[in-house]
Every structure is written in C-alpha cells, then in structure tokens.
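Below: one structure, written as structure tokens.
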Protein chains: 2
Amino acid sequence: MTGKTTGSEPKVSKGERTRALILEAALELFREHGFEDTTMRAIADRAGVSLGNAYYYFKSKEHLIQAIYAHTHDEHRAASAEVLARETDLAARLLGVMRAKVETLRPYHRFGGVLFRTAGDPHSPLNPFSPESREVRAESTALFAEVLAGADVKLPKILADELPELLWLYHMGVILFWIHDDSPGLVRTERLVERTVELVARLIGLARLPVLRPLVRSVLRLVKELRDGVPYSS
Amino acid sequence: MTGKTTGSEPKVSKGERTRALILEAALELFREHGFEDTTMRAIADRAGVSLGNAYYYFKSKEHLIQAIYAHTHDEHRAASAEVLARETDLAARLLGVMRAKVETLRPYHRFGGVLFRTAGDPHSPLNPFSPESREVRAESTALFAEVLAGADVKLPKILADELPELLWLYHMGVILFWIHDDSPGLVRTERLVERTVELVARLIGLARLPVLRPLVRSVLRLVKELRDGVPYSS
DNA sequence: GTCTATAACCGGATAGAC
DNA sequence: GTCTATCCGGTTATAGAC
C-alpha cells in the first residue's frame, strides 16, 4: 500500500506493526476455519493482543474484510502489470486482467462469500458503492480504463467514456459467479472468464454496426443517467 | 399461501396461528425500526410469546425473512395476473410484470437491503440459488415463462428455452438496483424498469438478425453450460 | 495523543424442563 | 408447543500505560 521506508531503524511505527499482526492472524484464521467460525477473541489471541486492542485497529469484524479487500486489489494490480505491458490486443488484455483477478482471489475463495456478500447491503460501509469504498472502486475502474487505453482499438467516444465502468461492472458479475462456484479448482469460473471475455470483445466490435447504433446509444444514455444520478423528473 | 379451510371451527391449527402472529409482529417491527434494530426479543414480546417459542417457529432471524420473501412472491404473482390476462405484446407484458414487482416490493424497501443481501452469500439458505429457495425461484421463473408464452412473438427454440431464466436474472438485477435506490418514491427504479424493459424487448427482436446469430448462439451455449453444470473438462 | 487491557453489555441462538 | 435459563460472540465503555 503506502510502504514508505523513512530511514533505517523504525521502518514502521509500532501501531502499523500491531495492525499488520492482527490482519495476518485474521487471515490465517479465516482460511483455517472460515469467517463465521473465527471469533474476534481468537484473532486477538493469535495476534497476541487483547480483544479491546483489536477493536482499536479495526472498527468491526467486517472492517477486517475491507482491509483484505483493499489488499487483494493491490495484488490484482501487480498481477496485471505484466500482461498490460506486453499485450495490445483488447481481448488479450482483458483476458489477462480477468485471469489475474481469479488467481489473486483464489486463496480467498473459502470465505469469499462473506468477503463479497456485503456488496448487496446498501447500508454496509463495505458495499462497493459506499463512500468508504469509493477509493478502491475508483482504482479498480482505473485498471479497466488502462485495459482499454493500451489496446489498439479506436472506440467511439460515447462508448469509450462508459466502458471502464461497464467493464468494472462485468468484473463484479464474474465475482458474483465466483462466489457461488464450487467446482474443483474453480474451473468453471475460469471457463466463464474465457468465454465472456471473448463475448465482451465481440460485443465491443459489434457496437459499431449501424443496426445496433440506436440500441447502443440507448444503453449508454441509460447507464450515464443512472450513474450520474440525474433528474428524478420526466 | 396454502390457505385450506377444513371445516368451520378450527380453521387453522394453534401452531399456524402462533406462527402467523410472530410473522406479523416481525413485519410490523421491521417496518417501524428496520431489521437490525428489531430484536428477536421484541418480536416475541409483541407476538405475545416467549423468545424460545419464536425460535420454535423460525429457526433464525433470517428465516423470518425467507417467509416474507415467499410472501412477496405470492403477492407479485397475484399483482401480475391482470396484465398477463389482458396484454399480448411482449414488452407490455414484461413491463406490467416488472412494475407489479416494484409495487409489490415497495413496502419492504425500508429493510429490503437486508431482505435481499443474502443473495450474495452462497452459504446462506436464503440465497436464491440454494436448495431451500429452489421452489420460490422455480415459481418466479415460471412467471417469466408465462410472460413469454402469452406473447404474440415467435422465438427461435434455443432462445425460447433459455429466456425465462434470463429474464429472471434480469429481474434479479433490477432488484439489486432497487436495493440501492434511495430516490424519492423509487422513481429511479421505475425509470430503470421502463427503459430496460424496452431494451430487453428490442434485444429479443434483434436476436434474429443474421449478423448477431453467432453471438446469440455463443451466449446461449454458455448460459446453458453454466446452468446445467456441465463438464469441468475441456 | 497513541496504544493496550479488562470488564461489561447486548442480542442471537440453544438446552432442556414442563 | 411453550417457557426459563444460559451460552456465546460481536461490540462498547472505560481506565490506565507509554
């Protein structure tokens, strides 16, 4: 994340250290026993701190999740860098990034349902549309903007404007599938990614077709309206 | 729901009566204070039963939700009957059914987030893909099958086979939006419904176009594969 | 002001008597 | 079917240490 190394001795403040300790303990325990069966007391224990202290660093058990969530995003970006530097074909770039996502998330699948179920709760600070999540979401969307920016395709402006967000939405859909995927080795999610990436690329290509222009326009206008929270009237 | 009236005196068993009492109390309290701020103790109190007794009828606080969920489905079907009997135009039928959904759900919006957030949790018995929800989901899908069956359009068979489930999925998407909609009077959801119903109808029309045939085929094959839980290999 | 700990609260859930 | 008593774990209050 920030990762600043000031001098040589106190690389990280004591607090940061403790915080990391707790997060690490939580992650281990979540992997071992799942989210529900891991108690805050157990986490504090393994981290070697008191229960109250754990709450000093993380406002709730769910906030622990948000930290993990942000962490996986960093991992995802790192894992995507290589393909993005190499490929110029849109489909290849998108495929690379989506595969990176699946790989990054893999270790978390065991308790992934809990990790991401909050997406559905509008009152949770963890839902991806909440103000608290704005930053992570923006960064995530930026990654998809990069997928497009580095590709050797020319897109109509209206489409280009909306596409990063639409791709982000697509990627959320894949995650929703992933959550429910219980196939061995997550092969079904892998397959979904391969197939849908191809479909998405084809769709983007088809968007230029005259017959489809009005439809594309309607869709984009709708998306824009809804996103920008436009007029309640009319 | 079942609503059998055997004779005249003991129309319903004592149990059913108590069960209804608890559900009613829960609904009132949820509306008044929301889901989180309503305690099982308060529900039991208002229903005039003990805490333990409430748990005899509903295995958990969330199971109370499932009962409500099933209830809204019944309401939805009833509210849709009229349009389905009257209209034969596909878009009009779909619009009617979707509007009926929004109206049916309206009173529950206050705590609707909780009602439906469980959709994201694969381990919850309440998620719409769980075995426990199979029945409700099947009935709901059947409703969309009826939307199609009564419409004066001829669809290619492959499409006709998958469409009910795809429409159900679409309707789940609308619900997801509805959950997050905080516009006054839910006008934004209403608008979303109007616009997307039109888009969906147009898309179904376009599916016949030769240029789109391969794409449509790919999509349908994918959907079918994923639904039927086909081969993990290749 | 940053950090840590202990004790208590509260509400969902369960055990077991009647 | 119904109750009471109890457990358990997330969360909070609060006091003190560095």
Side-chain angles (χ1 to χ4, degrees), chain A residues 2 4 6 9-27 29-30 32-68 111 114-115 117-118 121 123-126 132, chain B residues 10-27 29-30 32-68 111 114-115 117-118 121 123-126 132:
Chain A
T2 39
K4 64 170 130 173
T6 36
E9 298 276 323
K11 16 181 85 162
V12 287
S13 72
K14 180 129 177 283
E16 281 177 59
R17 180 111 197 76
T18 310
R19 188 191 170 82
L21 232 50
I22 296 168
L23 194 55
E24 215 173 295
L27 243 163
L29 287 168
F30 289 163
E32 286 170 29
H33 313 294
F35 182 77
E36 321 277 26
D37 292 344
T38 299
T39 69
M40 286 298 283
R41 285 163 177 83
I43 293 170
D45 261 19
R46 179 164 309 191
V49 301
S50 72
L51 177 61
N53 200 12
Y55 274 98
Y56 176 79
Y57 289 97
F58 298 93
K59 273 177 49 186
S60 75
K61 199 178 171 186
E62 294 219 321
H63 278 78
L64 233 17
I65 286 181
Q66 189 166 46
I68 294 172
F111 56 96
V114 187
L115 230 164
R117 75 170 171 203
T118 39
D121 185 355
H123 300 306
S124 164
L126 295 190
E132 286 89 340
Chain B
K11 15 180 86 160
V12 285
S13 71
K14 181 133 175 281
E16 281 177 61
R17 179 112 197 76
T18 309
R19 186 190 171 82
L21 233 49
I22 295 168
L23 193 55
E24 214 172 296
L27 243 161
L29 287 168
F30 288 164
E32 286 169 29
H33 312 293
F35 183 76
E36 320 279 27
D37 292 345
T38 300
T39 68
M40 286 298 283
R41 284 162 177 84
I43 293 171
D45 261 19
R46 180 164 307 193
V49 300
S50 73
L51 176 62
N53 200 12
Y55 275 100
Y56 176 80
Y57 288 97
F58 298 93
K59 272 178 49 185
S60 75
K61 199 177 171 185
E62 295 220 320
H63 278 77
L64 233 16
I65 287 182
Q66 189 166 46
I68 294 171
F111 56 95
V114 187
L115 230 163
R117 74 170 171 202
T118 37
D121 185 353
H123 301 305
S124 163
L126 296 189
E132 285 89 339

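Chain identifiers are assigned alphabetically (A, B, ...) following the order of the sequence lines, protein sequences preceding nucleic acid strands; residue numbering begins at 1 within each chain.
In this structure, A/Asn53 does not reach the C/dC3 phosphate: none of its side-chain N or O atoms is under 4.0 Å from OP1 or OP2. Contact between the side-chain N/O atoms of B/Thr18 and the OP1/OP2 oxygens of D/dG1 is not found at any separation under 4.0 Å. Listed pair B/Tyr57 / D/dT2 meets the phosphate criterion, a side-chain N or O lying under 4.0 Å from OP1 or OP2.
For B/Glu32 and B/Arg46, the salt-bridge test passes: some basic side-chain N is under 4.0 Å from an acidic carboxylate O.
A distance of 9.5 Å separates NZ of B/Lys59 from CD of B/Gln66, quoted to the nearest 0.5 Å. Here A/Ile65 contributes atom CD1 and A/Phe30 contributes atom CZ; the two are 6.0 Å apart, rounded to the nearest 0.5 Å.
Protein atom CZ of A/Arg19 is 13 Å distant from nucleotide atom P of C/dT4, rounded to whole Å. D/dT4 atom P lies 17 Å from atom OH of B/Tyr56, rounded to whole Å. Between the C1' atom of D/dG1 and the CZ atom of B/Phe58 lies a distance of 14 Å, rounded to the nearest Å. Protein atom CG of B/Leu21 is 14 Å distant from nucleotide atom P of D/dG1, rounded to whole Å.
A donor-acceptor pair under 3.5 Å is absent between the side-chain atoms of A/Thr38 and the main chain of A/His33, judged by distance alone.
With sequence neighbours left out, the ring-ring contact (aromatic ring centres under 6.0 Å, His included) criterion links A/Phe58 to no other residue. For A/Tyr55, the side-chain contact (heavy atoms from CB on, under 4.5 Å) test picks out A/Met40, A/Leu51, with sequence neighbours left out.
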Query raised in the report: What string of B, S and - do you get for nucleotides 12-18 of chain C 5' to 3' if you count protein non-hydrogen atoms under 4.0 Å?
Result: BBB----

